[in-house]
Amino acid sequence: MPNLKNYYITTPIYYVNDSPHIGHAYTSLACDVLARFKRLDGYQVHFLTGTDEHGQKIEKAAEKNEKDPQDFVDEVSLRFRKLSKIMNFSNDDFIRTTEPRHKKVVAQLWQKLIDSGDIYLGKYSGWYSVRDEAFYAESELVDGKAPTGADVEWVEEDSYFFKLSRWQDKLLEYYEEHPEFIAPHSRRNEVISFVKGGLEDLSVSRTSFSWGIPVPQNEKHVIYVWLDALTNYISAVCKDDDLSTFKEIGFWPADLHVVGKDILRVHAVYWPAFLMAAELPLPKRVFAHGWWTNEGQKISKSLGNTIDPVKLVEDFGVDYVRYFLMREVPFGNDGNYSQPSFINRINAELANNIGNLSQRTLALIYKNCEGKIPQAGPLQAADKALLSGVAALLDRISLHMEIQAIHLALGEIVELASKANEYIDTMAPWQLAKTDKERMATVLYVLAEVIRILGAALQPFTPELAAKLLAQLNIDGAYNFSQANIAGALKAGTQIPEPKPVMMRLG
Ligand code: ME8
């Protein structure tokens, strides 16, 4: 029986035609934050990422670099793995479509589609964009280019087709019965109107190049790179290279595919249709996030304005980059990167708010309570109000994370810290140190509880900063939510180390 507490989350697998940029880091970061959250919340998480290594685009990039395709993909794929380390991603697996475990499962899925009568041999003539690895109808072209702005070329070749048209009604029924399947809501409507507009059969093999997985029945053909790539989500959770083992492993169907808005259609139309045809379970949800621009401009290599995540981490530190990317833009919307907004966001919310709160509180405890968490006395209304915010924080965050409203989850953390800063200003424990030590002890205890829960809640987003914050309260190692959610978990008398600022101002 699959474990009810399993949670399987995936990133798209990235093309290895070029080095990773901020967009790739962004998608994987969102998945990392969601995966870490679920682990701390008691789930058995499987977080998958990887690289998409076949197809004409990769073959051409290898040629351009005068490299053998396998050597080329080995080299570029490694850069994506390194990015995972640099960004502190906690992926449980990294799949490459050139691995035997994947190729064998793709061949098995293909066979299932042949057996179900969903694939037939025909001839394709039409437009193809190598950059998008996509077929376009004449009517979709804009000024002779793909709607994405990519160049297209005319293609005429023998091709196997998938009977996508056959699945139109079933897909619409599925969207209707599972309103949570496509998110955000506005994107769901786009997909539904696309499918209602009519689906044509999809060309799923190519013959004009060879860098791909051969069609088992006919080695002149390679399997269309999208059918190959999408299968990674299931091939990664099988064993012994055998598709039928996914049930034993228990992670399929995925709980969440996170993708950029550019590839939603492929994930919300083609992928479920392939799975329905193969009689395999469908993923539970596909969430499409927006795109980043740089200082207001579309990010593109030709404009020379790509943002290198490695450089950002070198300049600002990994957790500031993680925080900014997750907080600045409502997850699902487009967003703009600019250095001033980065600096403002970090200074206002981390350094001046959370960082300052913890430094002020802990310095007072260190100085006035012999470095030990003080014993609280009778609680007043203001203390109780703040402590109820502490008790509610993780549940409130959880509601946002369930629907991938990551920016709102962080907003809850910021709000509690702001309330605690107001409280410390009103209570002025530095005055109480001179006039009423008992009351001071209560106030500082309440504040220490706030810092404890902020540290717990920040773990998925800014793991290193959260660990430092918790270490200041003598809490070490992963601090899961069931431990953290116990009111008064901080024991009076706990010795704390000499506090040091953990969130420095930028600029
Ligand atoms: O599409 N802002 O790979 P890919 C935000 N191999 N996200 C961005 C972005 C930007 N400016 N640019 C890219 C592929 N992304 C296929 C996927 S999955 C079975 C196969 C992110 O290397 C976004 O998530 O072109 C987008 O979907 C992904 O990178 C595309 O990566």
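First listed ligand is number 1; within each ligand, the first listed atom is number 1. What you are looking at is a predicted structure, and each value in this text was computed from that prediction instead of being measured.
Salt-bridge formation is not detected for the pair K57/E133: no Lys NZ or Arg NE/NH1/NH2 atom is positioned less than 4.0 Å from an Asp or Glu carboxylate oxygen. With respect to D118 and R166, a salt bridge is recorded, a charged nitrogen being found less than 4.0 Å from a carboxylate O. The existence of a salt bridge linking D92 and R39 is confirmed by a sub-4.0 Å separation between a basic side-chain nitrogen and an acidic carboxylate oxygen. Here R101 pairs with D93 in a salt bridge; the nearest charged N to carboxylate O distance falls below 4.0 Å.
Under the side-chain hydrogen bond (donor to acceptor under 3.5 Å, both in side chains) criterion, W211 pairs with no residue at all, not counting sequence neighbours.
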Ligand 1 polar-atom proximity to protein (N/O, under 3.5 Å):
| unit_1 | atom_1 | unit_2 | atom_2 | d |
| --- | --- | --- | --- | --- |
| ligand 1 | 2 (N) | W292 | N | 2.9 |
| ligand 1 | 6 (N) | I13 | O | 2.8 |
| ligand 1 | 6 (N) | D52 | OD2 | 2.7 |
| ligand 1 | 11 (N) | W292 | O | 3.4 |
| ligand 1 | 22 (O) | Y15 | N | 2.9 |
| ligand 1 | 22 (O) | H24 | NE2 | 3.3 |
| ligand 1 | 24 (O) | T27 | OG1 | 2.6 |
| ligand 1 | 24 (O) | G260 | N | 3.2 |
| ligand 1 | 24 (O) | H289 | NE2 | 3.4 |
| ligand 1 | 27 (O) | G260 | N | 3.0 |
| ligand 1 | 27 (O) | D262 | OD1 | 3.0 |

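Summarising the geometry of F181 relative to A268, their closest heavy-atom pair is CE2-O, 4.1 Å, with the distance given to 0.1 Å.
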